[in-house]
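Here the structure is laid out as structure tokens; the discussion comes afterwards.
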There are 2 protein chains.
Amino acid sequence: MIDKTLSEREQIREAGLKVTHPRMRILRLLEESEQIHLSAEEVYRILIETNEEIGLATVYRVLTQFEQSGILKRHNFETGHSVFELDRGEHHDHLLCIKCGAVEEFHDEQIESLQYKVSEAHNFKTIDHSLTIYGHCKSCQV
Amino acid sequence: MIDKTLSEREQIREAGLKVTHPRMRILRLLEESEQIHLSAEEVYRILIETNEEIGLATVYRVLTQFEQSGILKRHNFETGHSVFELDRGEHHDHLLCIKCGAVEEFHDEQIESLQYKVSEAHNFKTIDHSLTIYGHCKSCQV
DNA sequence: TACGCAAACGATAACGATTATCAATTGTTT
DNA sequence: AAACAATTGATAATCGTTATCGTTTGCGTA
């Protein structure tokens, strides 16, 4: 069994960052939250509400650092603000309910390879791609 | 041959909007620009530079109205601001060069139908979807 | 274990994109 | 042409995010 605390320290270290309280708090929150996607404001609000000391600027800074070091993935849906989720290595796309905001993840190897083909056909060197399907989830359909 | 001016008037009328100078100027610009995607600021700047009177607030308002009435499509890439293009009815996706900003469009029926399948499998009722491939275009590769 | 210093923090100012406000102007309908 | 609601545009306000900068802290070293 892996010591979670240790692994968090290591992740931060491997990112070339000092292990500080704010960073530990933020990473722990992301790992323990049931919500997959968290915005900076949400991370800040949740930590403040649980009486963890943190500054909003730090939250933004740390989330960006975590993103750059591959700990987190940033998503820009059509909401006007970024949301973050742990990057567990497995690429996936999203189904987003525009009524209740629910997010589901999916991965379709066929779509992936077709995208790659398209990219090649246009002489593009793919670095990343994002596919989001907007609609109504089961519980939001009339 | 269709009278372009007339068709612009009609488009605006059909959207349930009064035919005003700012609306005509904006629609005409979108139709005549070689650039497919224009941001609100760009539309404003271009009109001001060509000595057309317009206010920035009006540009934002009109672009949103045009989007809501189906005249325009809004895209939110990872740039931090929206861009707009004429909605010619044919859905397409985008290849975006993260170096020079170039945008290419593509349409792949196979990907479309696979997306639909995924959506069904998750009991989602698809309303819209966006697929963007980020990478380096031919001229930006080393 | 204490020291020193770069790295990191956090309060707050600044920023860029967008929206709200509201008095003045303009399209359309009569 | 009058009437009146819709529209405009200058500007203030808002929102998410980034920059500033004096203070604090992690951590390698003595």
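In what follows, every chain begins at residue 1, and chains take the letters A, B, ... in the order their sequences are listed. Quick caveat: nothing in here was measured; it's all calculated off a predicted structure.
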Fill in the blank from the handout: Here the distance between atom C1' of D:dG9 and atom CD of B:E53, to the nearest Å, is 10 Å
Handout entry: Listed nucleotide nearest any side-chain atom of A:H21, set D:dG26, C:dC9, D:dT18
Key = D:dG26
Practice task
Measure the distance from CZ on B:R45 to C1' on C:dA17 and round it to the nearest whole Å.
Solution key: 15 Å
Handout entry: Ionic contact status for B:R45 with B:E49, cut-off 4.0 Å
Key = yes
Practice task
Report yes if a side-chain nitrogen or oxygen of A:Y60 is closer than 4.0 Å to either non-bridging phosphate oxygen (OP1 or OP2) of D:dT17; otherwise report no.
Solution key: yes
Exercise for the section: To the nearest Å, give me how far apart CD1 (B:I26) and P (D:dT7) are. Expected result: 13 Å
Exercise for the section: Mind running side-chain hydrogen bond (donor to acceptor under 3.5 Å, both in side chains) on A:H107 and A:E109 for me, showing each step along the way? Expected result: CA-CA 6 Å; A:H107 179 84; A:E109 204 46 63; 2.9 Å; yes
Practice task
Send over the distance from A:L63 CG to D:dT18 P, rounded to a whole Å.
Solution key: 10 Å
Fill in the blank from the handout: Per atom distances to the A:R23 side chain, the nearest of D:dG16, C:dC9, D:dG9 is C:dC9
Problem - Atom pair distance, as rounded to whole Å: CG in A:L17 and C1' in C:dC9 - result: 14 Å
Problem - A:I12 CD1 - D:dT25 C1' separation (whole Å) - result: 15 Å
Fill in the blank from the handout: Closest of C:dT28, D:dT8, D:dC27 to the B:V19 side chain is C:dT28
Fill in the blank from the handout: Assert: residue with more 5' nearest nucleotide on DNA chain C, out of A:Q65 and B:S82, is A:Q65
Practice task
Would you indicate which nucleotide in D:dT7, C:dA17, C:dT19 comes nearest to any side-chain atom of B:T20?
Solution key: D:dT7
Practice task
Please state how far atom CZ in B:F84 lies from atom P in C:dA17, giving the value in whole angstrom units.
Solution key: 13 Å
Problem - Minimum-distance nucleotide to B:K18 side chain [options: C:dT12, D:dT11, C:dT26] - result: C:dT26
Problem - Donor-acceptor pair (no angle test) under 3.5 Å: A:R61 side chain, C:dG10 base - result: yes
Practice task
Could you please name the option among C:dA20, C:dT18, D:dG16 that lies closest to any side-chain atom of A:H81?
Solution key: D:dG16
Problem - A:H122-A:F124 aromatic ring centre distance below 6.0 Å - result: no
Problem - Side chain proximity check, A:K73 to A:R88, heavy atoms < 4.5 angstrom - result: no
Fill in the blank from the handout: note: A:R13, atom CZ; C:dA8, atom P; distance rounded to Å ~ 12 Å
Problem - Co-membership, hydrophobic cluster, residues B:F106 and B:V83, 4.5 Å side-chain - result: no
Handout entry: Of B:R74 and A:L56, the one whose closest DNA chain C nucleotide lies more 5'
Key = A:L56
